[in-house]
Amino acid sequence: MAKYSPSSYDDYFCLKPPLLLWAAVLYLSRAISLPLALGIGHAAGVSQDATKILHSMVSLDTVLPSALAVAVLYAMCRRQPQASSAVRWVWAHGRSLLAAAAVIDGALSTYALARNGDITDQSLASLLEVGFDLYFLLYVLAARRVRDTFADFPLPLTSH
């Protein structure tokens, strides 16, 4: 494993997920995580304009890739010694799950772009989504820090 600064490790001496990985997971899980954030934001008094912008980013088409990414998001939040075997499995396969989510999401955005035909605000949004999907796919597959982070998980607690 590459050498990282001591601040790069959590309380269990495991490599912390980098901020860009959090951004990738939140972006790829947006069809599920964004409605939850909208509900919280609405209760907290977020403006209607901001809510409309966030709502426009959610599509039922993206539920499948979002479900894959939400599983990884859950594992990121439950990454501790007492984690279940299911969480450990998701974490061990996290890069593959995120790569699959990015590929599926990118394919859906590309299809929406091709289907539209004309240059509209929606086609520009689809083009931007394809760009994000491609960027996050390359990041998840190529970044050493991401690979090292997914290779690290706290050891299970042992009883004596």
Side-chain angles (χ1 to χ4, degrees), residues 1-47 50-51 53-109 125 128-160:
M1 190 175 295
K3 296 191 188 242
Y4 298 99
S5 71
S7 65
S8 297
Y9 294 90
D10 63 17
D11 294 340
Y12 306 112
F13 305 107
C14 290
L15 199 55
K16 292 178 193 174
L19 186 58
L20 190 55
L21 181 57
W22 279 100
V25 171
L26 289 171
Y27 170 77
L28 291 169
S29 69
R30 70 191 179 282
I32 296 172
S33 61
L34 215 49
L36 292 174
L38 286 172
I40 293 168
H42 182 70
V46 173
S47 76
T51 303
I53 290 170
L54 292 175
H55 185 68
S56 70
M57 295 173 61
V58 176
S59 167
L60 283 178
D61 293 342
T62 60
V63 169
L64 174 62
S66 289
L68 296 172
V70 160
V72 176
L73 179 62
Y74 180 76
M76 286 174 93
C77 295
R78 299 290 304 156
R79 199 168 156 233
Q80 51 195 344
Q82 60 271 32
S84 69
S85 59
V87 168
R88 290 175 184 281
W89 185 92
V90 167
W91 190 256
H93 296 88
R95 286 178 63 218
S96 298
L97 292 169
L98 290 176
V103 167
I104 295 167
D105 194 55
L108 291 170
S109 296
L128 187 61
E129 288 173 1
V130 170
F132 280 134
D133 291 323
L134 182 59
Y135 179 79
F136 287 136
L137 174 64
L138 293 173
Y139 172 68
V140 165
L141 293 178
R144 172 176 295 229
R145 172 74 186 258
V146 172
R147 184 181 63 242
D148 291 346
T149 301
F150 278 111
D152 211 5
F153 200 95
L155 295 174
L157 295 175
T158 57
S159 57
H160 293 11

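Residue numbers count from 1 along this sequence. None of the values given here were measured: they were computed from a predicted structure.
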Quiz prompt | Tyr139 side chain reached by Val146 side chain, heavy atoms, under 4.5 Å | solution = yes
[X] [atom1] to [Y] [atom2] distance, which is reported to the nearest 0.5 Å:
X      : Y      : atom1 : atom2 : result
Asp152 : Ser8   : CG    : OG    : 11.5 Å
Leu137 : Ile104 : CG    : CD1   : 11.5 Å
Phe153 : Leu15  : CZ    : CG    : 13.5 Å
Tyr27  : Leu20  : OH    : CG    : 13.0 Å

Self-check item: Residue from Leu68, Asp133, Val140 passing side-chain contact (heavy atoms from CB on, under 4.5 Å) with Leu28
Solution: Asp133
List the atom of [X], the atom of [Y], and the distance in Å for their closest heavy-atom pair.
X      : Y      : answer
Arg88  : Ala83  : NE-O, 3.5 Å
Gly94  : Phe150 : CA-CE2, 3.6 Å
Asp105 : Thr62  : OD1-CG2, 3.1 Å
Leu141 : Arg95  : O-NH2, 2.8 Å
Ala69  : Val25  : O-CG1, 3.7 Å
Lys16  : Asp10  : CG-N, 3.8 Å

Self-check item: side chain to side chain contact (heavy atoms under 4.5 Å, CB included) assessment of Tyr12 paired with Leu155
Solution: CA-CA 8 Å; Tyr12 306 112; Leu155 295 174; over 6 Å; no
Quiz item: Is there a donor-acceptor pair closer than 3.5 Å between any side-chain N or O of Arg79 and the backbone N or O of Met76?
Solution: no
Quiz item: Would you say the side-chain atoms of Ser29 pair up with the backbone N or O of Ile32, donor to acceptor, closer than 3.5 Å?
Solution: no
Practice problem: Apply the test side chain to side chain contact (heavy atoms under 4.5 Å, CB included) to residues Thr149 and Trp91: give CA-CA distance (whole Å), side-chain angles for both, the deciding distance (0.1 Å), then the verdict. | Solution: CA-CA 9 Å; Thr149 301; Trp91 190 256; 3.7 Å; yes
Practice problem: Tell me whether the guanidinium CZ or amine NZ of Arg145 lies under 6.0 angstrom from the six-membered ring centre of Tyr4 and within 45° of its axis. | Solution: yes
Quiz item: Above 12 or not: heavy atoms from other molecules or residues under 6.0 Å from CZ of Arg78?
Solution: no
Quiz item: Within a reach of under 6.0 Å around OH of Tyr135, are more than 12 heavy atoms found that belong to other residues, nucleotides or ligands?
Solution: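 It does not: Tyr135 OH has 12 such atoms or fewer within range.
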